[in-house]
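In what follows, a structure is listed as structure tokens, so that the remarks can point back to it.
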2 protein chains.
Amino acid sequence: MATLGDLERAVMNVLWESDAELSANALRDRLVELPADDSGPGGSDRREIATTTMLTVLSRLESKGFVTRSRDRRPHLYRAVTSRADHTAELMHEVLGASPDREAALARFVGSVSPTEAETLRKLLASRG
Amino acid sequence: MATLGDLERAVMNVLWESDAELSANALRDRLVELPADDSGPGGSDRREIATTTMLTVLSRLESKGFVTRSRDRRPHLYRAVTSRADHTAELMHEVLGASPDREAALARFVGSVSPTEAETLRKLLASRG
DNA sequence: CTCGTTCTTCTACAGAGCGTAGAACAAACC
DNA sequence: GGTTTGTTCTACGCTCTGTAGAAGAACGAG
């Protein structure tokens, strides 16, 4: 699967969280008023982003298959192709698939999840047939 | 966590599979006689790699914390810091951690593993307390 | 101790990916 | 039709990675 850059990921997060079709400018607006994942001391809000930058990023995301675009209306509208949960699950499979010792990796993985999540996993597996 | 390039990953795979300390040249030798993950039609074996290339890659892997190096003997010897299983499990956590909807992602994940692996997971979770 | 060999470090470059955005072009609105 | 709004084309700089030569350091032979 194609990987995502920082801005690309931020854009996808906005699309994933507001499960809707959005224009480039709407996306930009929601993006700038976001924590921006900086966590550094001092200002942490994202710099203003040019409209063309948004459009470039969205075009690339379209090429990569992460978004679809409605071209029939004038501000083109963008929508995430998959849910973030699906995307995450796919990534987990990808990471795991690269490893010949899948079992051992799975063992380490379940050995290091929180008890709460272990319980969640048990339930999920129980209801699976 | 730092990411790995193709060659870096190939080197790590050799180190992981032969759980031992190896010199740059020994690594190179094992590398060239490997399938090289190409799967394309025609020749798929890896091109010869210069010794200095190996050393550069290994230095970078050391900086990234993936290998340690014994500097006391003359051909320096390199060893993987973590097992591949640990590395894979860490990556899975990283992928998952990026997602606020962890539960949903886990659900998709366990929903798409093979029945055999589902069984494996059940056992692992059962023996976990 | 000196010389050649072996090994390592330093430096460098090219290609790809990504953030960035201006310039130019197209559409829509008044 | 001209202004405003939106899109595409083109492009540049930065970082990462694969690549490796040139230069320096250590080591064994004699």
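A note on names: the letters A, B, ... follow the listed sequences, proteins ahead of strands, and every chain is numbered from 1.
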Q. Taking only N and O in the side chain of A:Arg69, is any of them less than 4.0 Å away from OP1 or OP2 of D:dT8?
A. yes
Q) Would you say D:dA20 has OP1 or OP2 under 4.0 Å from some side-chain N or O of B:Arg28? A) no
Q.
From CG of A:Leu77 over to P of D:dG6, roughly how many Å is that when rounded to an integer?
A. 11 Å
**Q.** Integer-rounded Å distance: C:dT6 P and B:Leu55 CG
**A.** 15 Å
Q | A:Leu58 CG to C:dC18 C1', straight-line distance once rounded to whole Å | A | 14 Å
Q | Test item: side-chain donor near acceptor, A:Glu62 and A:Thr68, under 3.5 Å | A | no
Q. Does a distance-only test, which skips hydrogens and angles, find a donor-acceptor pair under 3.5 Å between the side chain of A:Arg73 and the base of D:dG6?
A. no
Q. Going through the checks in order, is the side chain to side chain contact (heavy atoms under 4.5 Å, CB included) test met by B:Phe66 and B:Leu58?
A. CA-CA 9 Å; B:Phe66 284 96; B:Leu58 286 165; over 6 Å; no
(Q) Quick check on D:dA20: is either OP1 or OP2 less than 4.0 Å from any side-chain nitrogen or oxygen of B:Thr53? (A) yes
Q) Among the nucleotides C:dG19, D:dT7, D:dA22, which one has an atom lying closest to any side-chain atom of A:Asp6? A) C:dG19
**Q.** Test item: side-chain donor near acceptor, A:His76 and A:Ser23, under 3.5 Å
**A.** no
**Q.** Nearest-nucleotide comparison on DNA chain C, the residue closer to the 5′ end among A:Glu48 and B:Arg71
**A.** B:Arg71
Q. Does A:Thr3 put a side-chain nitrogen or oxygen below 4.0 Å from OP1 or OP2 of C:dC18?
A. yes
Q: Report yes if a donor N or O on one partner sits less than 3.5 Å from an acceptor N or O on the other, where the partners are the side chain of A:Arg60 and the base of C:dG19; otherwise report no.
A: yes
(Q) Can you confirm whether more than 12 heavy atoms, excluding those of B:Asp72, are under 6.0 Å from its CG atom? (A) yes
Q: Identify whether any heavy atom of B:Thr56 sits under 4.0 Å from a base atom; if not, whether one sits that close to sugar-phosphate; answer base, sugar-phosphate or nothing.
A: base
(Q) Under 4.0 Å, heavy atoms only, any strand: does B:Leu7 hit a base, just the sugar-phosphate, or nothing? (A) sugar-phosphate
Q | For atom CD of A:Glu62 and atom C1' of D:dT8, their distance in whole Å | A | 12 Å
Q) Should A:Arg30 and A:Glu17 count as an ion pair when the cut-off is N to O under 4.0 Å? A) no
Q: Select one nucleotide: of C:dC18, D:dT8, C:dA26, the one nearest the side-chain heavy atoms of A:Arg74.
A: C:dA26
Q: Measure from CD on A:Glu8 to P on C:dG19 and round the result to the nearest Å.
A: 5 Å
Q: Can you figure out which of D:dT19, C:dG19, D:dG6 approaches the side chain of A:Pro75 most closely?
A: D:dG6
Q: Measure the distance from CE on B:Met12 to C1' on D:dT17 and round it to the nearest whole Å.
A: 16 Å
Q: Examine distances only and state if a side-chain atom of A:Glu90 and a backbone atom of A:His87 form a donor-acceptor pair shorter than 3.5 Å.
A: no
Q: Round to the nearest Å and state the distance from B:Phe66 atom CZ to D:dC16 atom P.
A: 14 Å
Q. Quick one: is A:His76 getting a side-chain N or O under 4.0 Å of the D:dT7 phosphate, OP1 or OP2?
A. yes
(Q) Tell me the interatomic distance from A:Leu4, atom CG, to C:dG17, atom C1', rounded to whole angstroms. (A) 12 Å
